Amino acid sequence: MEKRTGIKEIFSAPVNQTYTVMGWVRTFRNNMFIALNDGSTMDNLQVVIDGEKTDADIIRRITSGASIKATGQLIESQGKGQTVELLAETVEILGECDPETYPIQLKNRPSLEYLREIAHLRFRTNAFSAIFRVRHALAYGIHKFFNDRGFYYIHSPIITGSDAEGAGDMFQVTTLDIKNPPLDENGNINYKEDFFGKHTNLTVSGQLEAELAALALSKVYTFGPTFRAENSNTTRHLAEFWMIEPEVAFADLDDNMDLAEDMLKYLIKYVLDTCPEDIAYLEKRLLEEEKNKPQAERSEMSLTQKLHFCIEQPFERLTYTEAIDILKNSTPNKKGKFQFPIEGWGADLQSEHERYLVEKHFKKPVILTNYPKEIKAFYMRLDEDGRTVRAMDVLFPGIGEIIGGSQREERYDVLLQRMQEMNIPVDEMSWFLDTRKYGSVPHAGYGLGFERLVLFVTGMTNIRDVIPFPRFPGSAEF
RNA sequence: GCCCCCUUAGCUCAGUCGGUUAGAGCGACGGACUGUUAAUCCGCAGGUCUCAGGUUCAAGUCCUGAAGGGGGCGCCA
């Protein structure tokens with residue numbers, strides 16, 4: 001195909017030279033001005049048509065959504081509103097777009113819910129192209145952050161033979177005929193005849209594999225798709241999502257919290273530095289959306305203010321036990337405003353409690369640590385008091401839990417006992433226990449929900465809008 | 001898995017106590033327009049009121065069920 005200059009590139013290209021651009025028409029004004037977008041950046045290039053040089057049939061076919069190629073001189077703009085514009089010598093229609101049937105009329109301000117139902121076309125909107133550019137920047141920033149700090153990227157398996165990851169319900173992977181599966185002598189499905197010769201699932205976490213790697217490479221992280229077959233119907237859950245799981249040897253819970261806080265601040269700053277136009281657009285969009293809400297429900301801070309606030313403030317770190325004290329004595333608890341009143345130590349915190357701590361009490365990100373062992377996973381390191389474990393949850397305003405992690409139990413005997421207490425099948429996990437048998441070291445790690453981070457940074461409120469094609473109960477469209 | 005709400009034109013939404021012929025803005029379409037910025041101006045068309053039953057002299061409006069969508073809770077990242 002003929003060489004083209006990308007629209008992002010052309011804004012900093014020398015003027016008074018000839019360029020060819022290709023893209024999709026956003027609007028066509030006055031039979032003369034095309035706002036052209038190729039997704040490389042938020043901004044549209046103004047392509048100016050000469051009515052005398054351009055065939056009337058071509059002009060008729062320049063409609064919103066059509067793809068075109070235009071060649072001409074880049075000049076300083078003769079009008080206000082943009083610095084440069086392309087004076088088209090030739091315009092070619094690459095793909096027509098019938099306005100009668102094209103589902104996206106940008107001037108109509110289609111709702112997010114409507115666009116979600118036409119997710120194959122929603123990339124064409126300002127909001128979604130901005131979201132996915134920011135999503136990319138965050139993904140790249142994650143690799144950069146870890147690479148710059150000496151971490152190695154580990155590809156943990158997507159298909160797992162382990163049923164014991166303990167992070168949630170799993171999707172089964174099989175090539176057996178589900179109408180007529182082979183049976184063993186007891187009448188159960190005989191997985192020895194399945195593709196892998198055993199029962200397999202899609203991964204719910206790469207953590208255990210990351211631990212194995214960290215106990216040799218010292219600093220590793222995973223970044224891959226994760227699958228949970230839970231019937232979760234919320235604005236913060238997906239059945240298929242992406243998770244980042246760093247794991248660090250010779251590290252304790254404090255090191256883990258430092259890493260998590262540094263990473264989140266780095267990533268927010270990275271997006272502010274690399275995607276200022278996208279963030280500015282998303283901020284404006286949010287502001288307009290909130291105009292329709294009652295005053296009390298509007299955000300106290302703009303998107304940019306909120307992101308800067310997060311970078312500049314140290315996250316509040318406190319133990320579960322301290323959090324319970326605060327909650328027990330809080331006004332909503334005393335006035336019976338909590339749906340689940342805080343009665344004492346030991347109860348799991350509900351999202352209303354987390355939200356109170358983050359949004360009302362501290363008004364900034366909070367890291368809660370040292371939870372009761374009964375409400376946390378078997379692999380978390382037991383504290384000296386024997387009642388709590390070295391867990392940490394990073395809680396963000398509006399999002400809730402964005403990171404969950406812990407210092408891991410590195411002592412063989414203690415880990416074995418915890419597994420037995422929690423009915424983890426020890427024989428199937430011998431490979432995991434081996435790392436504690438041979439040269440075990442203190443180590444720690446966490447899981448970051450990638451889409452929850454994208455939600456926070458873009459100011460969106462539904463997780464289904466920050467992944468291109470969301471998978472959730474009852475839906476795997478596109 | 002539990003609870004609540006919504007579904008009216010292509011989109012966003014009004015539609016009063018059940019009462020005659022179903023309303024607006026935007027978009028689309030036709031026209032005008034060589035400096036527009038969600039262009040503007042003039043004109044015009046567009047409806048299985050989500051679907052299936054029911055109540056009623058009469059249903060967009062009330063009842064039951066289904067489908068689709070949204071929100072809250074739980075599980076978590």
Side-chain angles (χ1 to χ4, degrees), chain A residues 26-35 43-54 59-60 63-65 75 77-82 85 87 97-118 125-126 166-169 204-207 225-245 260 284 288 292 338-340 348-355 375-377 393-396 399-405 446-456 461-465 467 472-475 477:
Chain A
R26 281 289 167 80
T27 62
F28 185 37
R29 289 184 289 265
N30 214 356
N31 261 359
M32 197 180 163
F33 302 103
I34 300 171
D43 296 323
N44 303 321
L45 174 69
Q46 174 151 289
V47 176
V48 186
I49 304 290
D50 186 333
E52 289 179 5
K53 285 185 190 165
T54 313
I59 291 179
R60 192 182 51 78
T63 59
S64 291
I75 58 164
S77 181
Q78 308 291 294
K80 290 170 189 160
Q82 56 279 316
E85 60 195 21
L87 265 180
C97 185
D98 181 1
E100 295 261 20
T101 57
Y102 186 48
I104 296 179
Q105 298 298 338
L106 294 172
K107 292 174 201 166
N108 271 339
R109 315 229 150 181
S111 65
L112 295 172
E113 292 80 10
Y114 170 68
L115 292 168
R116 208 173 290 148
E117 292 177 51
I118 48 166
T125 64
N126 282 337
D169 297 331
V204 291
S205 164
Q207 179 199 314
T226 309
F227 306 88
R228 303 225 175 138
E230 263 136 28
N231 194 6
S232 299
N233 295 287
T234 77
T235 53
R236 349 177 261 292
H237 289 86
L238 290 165
E240 177 184 285
F241 64 101
W242 289 66
M243 187 154 64
I244 295 94
E245 294 176 289
K284 198 179 78 187
E288 277 168 23
N292 302 319
F338 284 142
Q339 197 192 331
F340 300 91
D348 207 350
L349 298 181
Q350 307 294 322
S351 56
E352 59 179 345
H353 306 134
E354 297 178 348
R355 293 189 66 154
I375 57 174
K376 288 290 178 185
D393 283 1
V394 181
L395 310 176
F396 261 39
I399 309 293
E401 187 178 344
I402 197 166
I403 281 178
Y446 59 82
L448 165 72
F450 184 53
E451 283 75 15
R452 289 189 182 175
L453 177 64
V454 182
L455 259 190
F456 182 75
T461 51
N462 191 320
I463 204 163
R464 295 169 190 181
D465 292 334
I467 188 167
F472 51 92
S475 179
E477 293 303 305

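Values in this document were obtained by computation on a predicted structure and should not be read as measured data. Chain naming here is simple, since letters A, B, ... match the order of the sequence lines and numbering starts at 1 in each.
Geometric assessment of A:Arg452 against the ring of A:Phe396 yields a negative cation-pi assignment under the 6.0 Å and 45° thresholds.
Between B:U50 and B:U7, the two C1' atoms lie 6 Å apart (nearest whole Å). Going from the P atom of B:C17 to that of B:U61 covers 15 Å, rounded to whole Å. The separation of B:U8 from B:C49, taken at their P atoms, amounts to 11 Å, rounded to a whole angstrom. Rounded to whole Å, the P atom of B:G46 lies 35 Å from the corresponding atom of B:C57. Atom name C1', nucleotides B:A24 and B:G15: the rounded distance is 11 Å, in whole Å. B:C73 and B:A28 are spaced 43 Å apart, taking the C1' atom of each and rounding to whole Å. Across the P atoms, B:U21 and B:U55 are found 23 Å apart, a figure rounded to whole Å. The separation of B:A59 from B:C51, taken at their C1' atoms, amounts to 16 Å, rounded to a whole angstrom.
The side chain of A:Glu230 lies closest to B:C75 when the candidates are B:C75, B:G1, B:U36. Of the candidates B:C76, B:A28, B:U12, B:C76 carries the atom nearest the A:Asp348 side chain, counting heavy atoms from C-beta on. Closest to the A:Glu85 side chain, of the nucleotides B:C75, B:U36, B:G27, is B:U36. With B:C76, B:C75, B:G1 as the candidates, the nucleotide lying closest to the side chain of A:Thr234 is B:C75. For A:Lys107, the listed nucleotide lying nearest its side chain is B:A38; candidates were B:U34, B:A38, B:A77. Of the candidate nucleotides B:A28, B:G1, B:G35, B:G35 has the atom nearest to the side chain of A:Val48. In the set B:G35, B:C73, B:G10, the nucleotide with an atom closest to the side chain of A:Phe33 is B:G35. Out of B:G69, B:G27, B:C76, the shortest distance to the side chain of A:His237 is found at B:C76. Proximity note for A:Glu117 (side chain, C-beta onward) versus B:U36, B:C76, B:G69: the nearest is B:G69. Side-chain proximity of A:Met32 to the nucleotides B:G69, B:U34, B:A77 is greatest for B:U34.
For B:U36, the OP1/OP2 oxygens have no side-chain nitrogen or oxygen of A:Asn30 closer than 4.0 Å. A:Arg236 has no side-chain polar atom (N or O) that falls below the 4.0 Å cut-off from OP1 or OP2 of B:G72. When the side-chain nitrogen and oxygen atoms of A:Ser232 are compared with OP1 and OP2 of B:G1, none of them lie within a distance under 4.0 Å. Put simply, A:Arg452 has no side-chain N or O that comes within less than 4.0 Å of OP1 or OP2 on B:C76. For the pair A:Gln350 and B:G74, the criterion of a side-chain N or O lying under 4.0 Å from OP1 or OP2 is met. Close to B:G71, at under 4.0 Å from its OP1 or OP2, lies a side-chain N or O of A:Asn462.
Each of A:Leu395, A:Leu453, A:Asp393 was compared with A:Ile402 under the side chain to side chain contact (heavy atoms under 4.5 Å, CB included) criterion, and only A:Leu453 meets it. Only one option out of A:Asn31, A:Asn30, A:Thr54 pairs with A:Ile49 in a side chain to side chain contact (heavy atoms under 4.5 Å, CB included); it is A:Thr54.
One interatomic measurement links the two molecules: CD of A:Gln105 to P of B:C29, which rounds to 8 Å at whole-angstrom precision. Distance CG (A:Asp169) to C1' (B:A77): 15 Å, rounded to an integer number of Å. If you measure from atom CD1 of A:Ile118 to atom P of B:G10, you get 14 Å, rounded to the nearest angstrom. In this structure, A:Tyr114 atom OH and B:C6 atom P are separated by 23 Å, rounded to whole Å. Rounded to whole Å, atom P of B:U36 lies 12 Å from atom CD of A:Gln78. Note: NZ (A:Lys376) to P (B:C76) measures 8 Å, nearest angstrom. Whole-Å rounding puts the A:Leu115 CG to B:G70 C1' distance at 15 Å. With rounding to whole Å, A:Asp393 atom CG is found 7 Å from B:A77 atom P.
Residue side chain A:Phe241 meets the stacking definition with respect to B:A77: its ring centre sits within less than 5.5 angstrom of the base's six-membered ring centre, and the planes differ by less than 30 degrees.
Backbone-only engagement by A:Gly404 is indicated by non-hydrogen atom pairs under 4.0 Å involving sugar-phosphate atoms exclusively. Contacts of A:Leu238 with the nucleic acid, taken as non-hydrogen atoms under 4.0 Å apart, include base atoms. Within the 4.0 angstrom heavy-atom criterion, no nucleotide atom of any strand lies near A:Arg26. Using a 4.0 Å heavy-atom cutoff across all strands shown, A:Arg464 reaches sugar-phosphate atoms only and no base atom.
Between A:Thr27 and A:Lys107, the shortest heavy-atom distance links the atoms CG2-CE, 3.5 Å. Heavy-atom minimum distance, A:Phe241 versus A:Arg228: CE2-CG, 3.8 Å.
Between the A:Glu85 side chain and the A:Ile75 main chain, no donor and acceptor come within less than 3.5 Å of each other.
Residue whose closest nucleotide on RNA chain B sits further toward the 5' end, between A:Gln46 and A:Thr27: A:Gln46. The residue among A:Ser351 and A:Gly447 whose nearest nucleotide of RNA chain B is located toward the 5' end is A:Ser351.
Looking at RNA chain B, the stems built from 3 or more consecutive Watson-Crick or G-U wobble pairs, each pair with its key distances under 3.5 Å, are B:1-7 with B:67-73, B:10-13 with B:23-26, B:29-32 with B:40-43, B:50-54 with B:62-66.
Counted by atom type alone, A:Ser64 and A:Gln105 present zero donor-acceptor pairs between their side chains at under 3.5 Å. A donor-acceptor contact closer than 3.5 angstrom is absent between the side chains of A:Thr234 and A:Arg236.
Side-chain contact check for A:Gln82 versus A:Asn44: every heavy-atom pair is 4.5 Å or farther apart. Considering only heavy atoms from C-beta on, A:Phe33 comes within 4.5 Å of A:Val48 through its side chain.
A distance of 8.5 Å separates CD in A:Gln207 from CE in A:Met243, rounded to the nearest 0.5 Å.
Side-chain atoms of A:Gln82 and base atoms of B:U36 include a donor and an acceptor less than 3.5 Å apart.
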